[in-house]
Asks: 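Below you will find the structure I want to go over with you.
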Amino acid sequence: MDFNFKDIEAKWRERWERDEVYKTDMYDFSKPKFYALDMIPYPSGQGLHVGHPIGYISNDVVSRMKRMQGYNVLHPMGFDSFGLPAEQYAINTGNHPGDFTDKNIATFTNQLKKLGFSYDWSKEIKTHEPEFYRWTQWIFEQLYKDGYAEHKPKYVNWCEGLGTVLANDEIVDGKSERGGFPVEKRLMKQWTLNIPAYAEKLLSGLDELPEWPNSTKEGQRNWIGKSVGAEVEFKVENSDLSFRVFTTRADTLFGATYCVLCPEHELVKRITTPEQKAAVDDYIAACAKKTDMERSELNDNKTGVFTGAYCINPVNDERLPIWIGDYVLMYGTGAVMAVPAHDTRDYFFARAHNLPIKRVVEGGNLDEAAYVGDGVHVNSGILDGLNVADAKEKIIEWLESRGLGNKKVNYKLREWLFSRQRYWGEPIPVVYLENGETVLEENLPLKLPEMTDYKARNGEPPLNNATEWKNVEMNGVKGERETSTMPGTAATAWYYMRFIDPHNDTALADPELLKHWMPVDLYIGGAEHTVGHLLYARYWNQYLYDKGISPVKEPFKKLVHPGMLLGENGEKMSKSKGNVINPDDVIDAVGADTLRVYEMFMGPITEAKPWNTQNIEGSKRFINRVWSVYINDDKIKDEPNKNLEKLYHKTVKKVTSDYENLSFNTAISQMMIFMNAVSKESIFPFEYAKGFIKLLSPLAPFISAEIWERVFDDKNLIDYQPWPDFNPELARDDEVEIPVQVNSKIKARIMISIDEDKESVLKRAREAVEISTADKEIYIPNKIVNFIKK
RNA sequence: GCCGAAGUGGCGGAAUUGGCAGACGCAAGGGACUUAAAAUCCCUCGGGAGCAAUCCCGUACCGGUUCGAGUCCGGUCUUCGGCACCA
């Protein structure tokens, strides 16, 4: 009888759903908890491809094992359902973006269910539903009340063609990624969240995450970009104006030969001399057209113009020309002191504009490049003779004692731009009253209004078209609602808490439940979220921790990034390349269990690996072999079989620890070895047969559930069975073959018992290679013997 | 450029702390069963020399440490991922 996977899978999908087998009783605190979370997907129109489930399957295997091991497991799924494609659909068709979203969610849900995931669907979250985003808005309001949310003018990437602000990664070659419209810098009032205020906590928190990948922690450290240096004040000559520069190389102050302000610096207009005004204005206008991307292309072609003004170097009263240049960013103080001898960018700029280069540190060749290394200071007054580290310390002390500057810690991390000129997002719950007051919406959720016209017009967001919604009156005062919405990353910055109590309508979650269930024990999702989602999520969690709402400092205990799934020839899988494989087609052809086994057998989950349709054959044969051993053969008997004893215990041991470590490919390999051995035997002892099918069940839940019901217990599901034990004594070999080397070359092999007496092993080893003495005998228990003869 | 990860048969990949390199699987070749095919089962399968026992070479490249290196150290090259004028 063949394994009829289609009927069997349908049967068990129905059974699991009907009996709510995977529903978690959140208030059952009698068992230890395990929270296994997948990064929730955006429900795109394309549906899932075979790459997505790699992470989901991994987490499902662990969840299913943990349940059988007696944990109370929370394993939820949901959808990050606000987003651009739905909005684009609405603009194009005039239909509500929710229609498109609901349709896609239905497709995704269907696909996920076919894969046999043990999600508790009763806790499903859709981030576009008011029941959920009510609390996203609530968190925003708390941030506002605590002074972390501000509405202020920001330079943004404005795209007239799309009528919206774009993030840097939505711009390619100065044009919008979608549509290819030009993008320019524009000063607009935007909501921002003060994530830099949490820079230090976000940085130190990383040290408490031993189960995070190093690359992710490094990525966040670099993104936060802490640097310790000094802020130094430069006075503008013949005026009472001054500006501050930040430098990590205060020791090179004596080598400064000019200063550069960024074109947006507020001082530029006030200090530019009449003779230079035309040149400066032209330059500023040209810069506004450039995007951040263009400006940040690292090259030696540094542009800039002289303002005509001079400033005074506080350490030696030298007169330095003030330039503007777009290689200086509107970040930090927006101004730098230039030391061309010891900074590569300053060096290029000085060369391009014939500015002087003055050495203050020995080393390198200044005719060829700036010297940025350590060395003895020269031409530096009080610093002469010191190395870089000592000189830094001394000059900062000197500056501080004279009030000319101070030690300063700087972070690259910028404010979180929180406004989007879009419809399909969470409304920002703010009203601007006629009397100038800004007030928060009291009745949350503030729902999105129904509309028919989703297009942005006249530089205003789409919600501006909802006149009735927008114009409000509060306590007799007229006002207008904020018409921008929140970015996509807002919901995912906290959704992991909502899964714990998704239908609570008095708090974002019951504090008692949060305390029991946080943090997430295993979080699986793509490495592309290293500095986006994962940093914002840590920020909101830390903020909510400080408010006493989140019970933990860090929300995700263990983090795993699945490697990218590539096409058959190692290329990226994408719609445009036409090499996307739909899991539905694979499931139709070979069944969900085989697909799950294959995806886990391909290799370590963290590695990128190519899809290979032919290789599925091996997983299919394995599943079919399991079926014939249990259903077709007549070898499962209540009799012992010594031949399988050790292998069985070894297999239980290895599969258990491999699942725990997410090393599924080696677990499967071990199960294949076991099955191969079983098919050569005529007796498959009852207990081993039971134990093995339990080991297989997290990985291949359909066939395992069916076999369990048919062969062992037709009333109680396999999911409720305890995880098999192994006997450590039996899980190790009694005897082992070890090589005997002479001068590190293998000359013989002998069988020894495990932990056999050293002298006895050496004696037999000597006999095996026919030597009586050696200059040196190396003996590693149970591993190797090596005789060294000169 | 900086940060991170990796480089092992025809292919996907195994290899506790340094201790038999190539587990498991795919493909390939040979055989059994079959009227035939599919399915299944058995054998071979890193390279070279040899009738053979056996020997030599082999984990990107060069060097080092060690009785012993895929694994540790120094240097080089390549690939992938992330960040990029942050003063």
Side-chain angles (χ1 to χ4, degrees), chain A residues 2 213-223 225-227 229 245-250 252 260 292-293 295-302 325-329 331-339 342-346 348-349 410-414 526-531 561 563-564 566 568 570 572 597-598 601-604 606-619 621-622 624-625 628 657 663 665-673 676 679-680 736-746 749 774-789:
Chain A
D2 284 346
N214 261 327
S215 56
T216 308
K217 288 190 278 188
E218 262 323 288
Q220 293 209 352
R221 282 190 193 105
N222 291 340
W223 187 261
K226 181 179 182 174
S227 55
V245 304
F246 175 78
T247 176
T248 54
R249 290 297 304 275
T252 61
V260 188
D292 260 9
M293 277 311 206
R295 277 179 68 163
S296 62
E297 258 165 49
L298 180 56
N299 57 37
D300 50 10
N301 167 27
K302 306 242 176 286
D326 68 0
Y327 82 96
V328 177
L329 308 176
Y331 142 83
T333 61
V336 301
M337 66 168 196
V339 184
H342 306 293
D343 181 280
T344 305
R345 293 154 302 183
D346 297 345
F348 285 132
F349 191 87
N410 212 26
Y411 300 95
K412 278 198 241 181
L413 186 63
R414 301 192 206 191
E528 67 273 19
H529 296 110
T530 296
V531 292
H561 302 304
M564 178 109 58
L566 308 170
E568 301 242 5
K572 267 190 187 169
V597 169
Y598 170 61
F601 189 53
M602 279 193 294
T606 52
E607 300 297 316
K609 44 207 170 282
W611 177 265
N612 186 326
T613 300
Q614 202 166 49
N615 279 1
I616 297 176
E617 198 57 32
S619 303
R621 282 183 194 143
F622 171 64
N624 286 340
R625 170 169 282 190
S628 26
S657 66
S663 179
N665 54 332
T666 52
I668 293 166
S669 154
Q670 183 65 34
M671 289 191 283
M672 285 172 168
I673 291 169
N676 290 346
S679 43
K680 288 186 179 64
V736 65
E737 190 185 60
I738 63 164
V740 180
Q741 298 181 328
V742 176
N743 288 336
S744 308
K745 300 261 183 217
I746 297 166
R749 292 165 206 281
D775 295 301
K776 194 173 173 190
E777 293 174 341
I778 291 162
Y779 166 69
I780 307 293
N782 307 326
K783 292 283 187 197
I784 204 163
V785 174
N786 190 1
F787 296 116
I788 309 300
K789 279 178 86 81

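Convention: sequence-line order gives letters A, B, ...; per-chain numbering from 1.
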Asks: For RNA chain B, please output the secondary structure as dot-bracket, reading 5' to 3'. Pairs are Watson-Crick or G-U wobble, both atom distances under 3.5 Å; mark crossing pairs with [ ], other-strand partners with |, unpaired with a dot.
Replies: (((((((..(((......[....))).(((((.......))))).((((....))))..(((((..]....))))))))))))....

Asks: Strictly below 4.0 Å: does A:Lys776 bring a side-chain N or O up to OP1 or OP2 of B:C67?
Replies: yes

Asks: What about A:Lys783, does its side chain sit under 3.5 Å from the base of B:C20 through a donor-acceptor pair?
Replies: no

Asks: Looking only at side-chain N and O atoms, does A:Lys572 come under 4.0 Å of OP1 or OP2 in B:G81?
Replies: yes

Asks: Report yes or no: is the cationic atom of A:Lys302 (NZ for Lys, CZ for Arg) closer than 6.0 Å to the six-membered ring centre of A:Tyr327, at no more than 45° off its axis?
Replies: yes

Asks: Please report whether the ring centroid of A:Tyr598 lies less than 6.0 Å from that of A:Trp611.
Replies: yes

Asks: A:Pro604 near the nucleic acid: base, sugar-phosphate alone, or nothing, with a heavy-atom cut-off under 4.0 Å?
Replies: sugar-phosphate

Asks: Is there any protein nitrogen or oxygen under 3.5 Å from a nitrogen or oxygen in nucleotides 54-58 of chain B, and what are the pairs?
Replies:
none

Asks: The criterion is salt bridge (charged side-chain N to carboxylate O under 4.0 Å, His left out); which residues satisfy it with A:Glu528, sequence neighbours excluded?
Replies: none

Asks: Contacts to RNA chain B from residues 214-222 of chain A, heavy-atom cutoff under 4.0 Å, which residues?
Replies: A:Ser215, A:Glu218, A:Asn222

Asks: Considering only nitrogen or oxygen atoms on both sides, find all protein atoms under 3.5 Å from nucleotides 23-25 of chain B and state each distance.
Replies:
from: B:C24; atom 1: O4'; to: A:Ser669; atom 2: OG; distance (Å): 3.2
from: B:G25; atom 1: OP1; to: A:Asn676; atom 2: ND2; distance (Å): 3.0

Asks: Restricting to side chain to side chain contact (heavy atoms under 4.5 Å, CB included), what partner residues turn up for A:Arg621, sequence neighbours left out?
Replies: A:Glu617

Asks: Taking only residues two or more places apart in sequence, or in another chain, which ones meet A:Glu777 in a side chain to side chain contact (heavy atoms under 4.5 Å, CB included)?
Replies: A:Leu762, A:Arg766, A:Ala774, A:Phe787

Asks: Select one nucleotide: of B:G19, B:A87, B:G81, the one nearest the side-chain heavy atoms of A:Val336.
Replies: B:A87

Asks: Could you work out the separation of B:A23 and B:G30 based on their C1' atoms and round it to a whole Å?
Replies: 24 Å

Asks: Taking ring-ring contact (aromatic ring centres under 6.0 Å, His included) as the test, write out the residues that go with A:His561, two or more places apart.
Replies: none

Asks: Please list each protein N or O that sits under 3.5 Å from an N or O in nucleotides 28-33 of chain B, with the distance.
Replies:
none

Asks: Run the salt bridge (charged side-chain N to carboxylate O under 4.0 Å, His left out) test against A:Arg249 and tell me which residues pass, sequence neighbours left out.
Replies: A:Asp251

Asks: Just jot down the salt bridge (charged side-chain N to carboxylate O under 4.0 Å, His left out) partners of A:Glu568, sequence neighbours excluded, or say none.
Replies: none

Asks: Nearest to the A:Asp326 side chain among B:C42, B:C83, B:C85, which nucleotide is it?
Replies: B:C85

Asks: Test of understanding: with side chain to side chain contact (heavy atoms under 4.5 Å, CB included), list the residues that count as partners of A:Asp775, not counting sequence neighbours.
Replies: A:Lys789, A:Lys790

Asks: For residues A:Thr666 and A:Ser663, is any side-chain donor paired with an opposing acceptor at under 3.5 Å?
Replies: yes

Asks: Whole angstrom is fine here: how far is it from CG in A:Asn743 over to P in B:G19?
Replies: 20 Å

